[in-house]
Amino acid sequence: MPVRSNPARARARLEELLKGIAALRGSGPNPFDYDLWENRAREVLEAMYGPDSPEFARYAEAVLKRGRLPGVRGLEENMTLNIHGPGGILARLDRAEAVLRQLIDELPSG
């Protein structure tokens, strides 16, 4: 879906992702639910902006950190994330929320 051709639909999709952040925070957040939300967010943003876009790059920089974190089992993206700390789910949600709000603010009105 091209963002510029249908800004109202783009805004609705981004706001839906923001609602998902609130639900995740209310649930603990559960790492498996976070993974589902993050996969969906990535799909939506890639479809809206393209995988090589500056908008998607901002999201990826905020959320898609690779590698092991202290106290975490697993490798690369296939891991159970900590809840707290700079690489934890809560911090990732905070950063994702900021990027999504910026993307909403950048949409053309109308």
Side-chain angles (χ1 to χ4, degrees):
M1 174 195 72
V3 173
R4 305 219 187 283
S5 67
N6 195 341
R9 187 168 181 199
R11 183 179 309 278
R13 292 251 173 121
L14 294 172
E15 288 174 353
E16 182 181 318
L17 292 174
L18 284 174
K19 288 179 188 174
I21 290 175
L24 284 167
R25 285 184 178 131
S27 72
N30 180 310
F32 299 104
D33 292 339
Y34 168 79
D35 191 49
L36 291 173
W37 175 86
E38 196 286 312
N39 285 335
R40 178 65 180 148
R42 192 171 346 129
E43 289 172 356
V44 168
L45 293 172
E46 282 182 356
M48 288 174 57
Y49 296 100
D52 298 325
S53 68
E55 294 85 358
F56 184 76
R58 283 193 315 209
Y59 171 79
E61 183 179 331
V63 178
L64 302 177
K65 294 187 183 263
R66 296 178 180 216
R68 263 180 192 234
L69 300 173
V72 176
R73 295 182 357 214
L75 300 171
E76 298 188 18
E77 282 101 0
N78 185 19
M79 63 179 156
T80 301
L81 296 170
N82 288 325
I83 302 297
H84 303 286
I89 293 173
L90 292 174
R92 289 172 189 243
L93 290 174
D94 289 345
R95 293 190 300 266
E97 180 178 23
V99 170
L100 293 173
R101 290 194 187 283
Q102 289 171 356
L103 293 174
I104 289 170
D105 290 344
E106 292 168 5
L107 289 172
S109 56

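All values below come from the heavy atoms of this structure, side chains included, with hydrogens, waters and symmetry mates left out. Computed from a predicted model, the values in this text were never measured in an experiment.
For the residue pair Tyr59/Gln102, the side-chain donor-acceptor check at 3.5 Å is not satisfied.
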Under the side-chain contact (heavy atoms from CB on, under 4.5 Å) criterion, do Ile21 and Arg92 qualify, and how do the steps go?
CA-CA 10 Å; Ile21 290 175; Arg92 289 172 189 243; over 6 Å; no

Assess the residue pair Leu107 and Leu14 against the criterion (side-chain contact (heavy atoms from CB on, under 4.5 Å)); give the C-alpha distance rounded to whole Å, side-chain angles, the decisive distance to 0.1 Å, and a yes or no.
CA-CA 10 Å; Leu107 289 172; Leu14 294 172; 4.1 Å; yes

Are Leu24 and Leu93 close enough, and set up right, to give a side-chain contact (heavy atoms from CB on, under 4.5 Å), and what steps lead you there?
CA-CA 9 Å; Leu24 284 167; Leu93 290 174; 3.8 Å; yes

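A salt bridge is defined here as a Lys NZ or Arg NE, NH1 or NH2 lying under 4.0 Å from an Asp or Glu carboxylate O, and Lys19 with Glu15 fails to meet this definition. The residues Arg13 and Glu16 are annotated as not salt-bridged, no charged nitrogen and carboxylate oxygen being separated by less than 4.0 angstrom.
No side-chain donor-acceptor contact under 3.5 Å links Asp35 to the backbone of Pro31.
Separation of atoms CG (Leu36) and OH (Tyr34) is listed at 11.5 Å; rounding is to 0.5 Å. Once rounded to the nearest 0.5 Å, the distance linking CD of Glu55 with CZ of Arg58 reads 6.0 Å. Distance CG/Leu45 to CG/Leu17: 6.0 Å, rounded to 0.5 Å. Here Glu38 contributes atom CD and Glu43 contributes atom CD; the two are 9.5 Å apart, rounded to the nearest 0.5 Å.
The heavy-atom pair separating Phe56 from Pro51 by the smallest distance is CD2-O, 3.6 Å. Scanning all heavy atoms of the two residues, the minimum distance from Pro108 to Pro7 falls at O-CB, 3.3 Å.
The side-chain heavy atoms of Arg42 and Val63, taken from C-beta on, include no pair separated by under 4.5 Å. No side-chain heavy atom of Leu100 sits under 4.5 Å from any side-chain heavy atom of Glu97.
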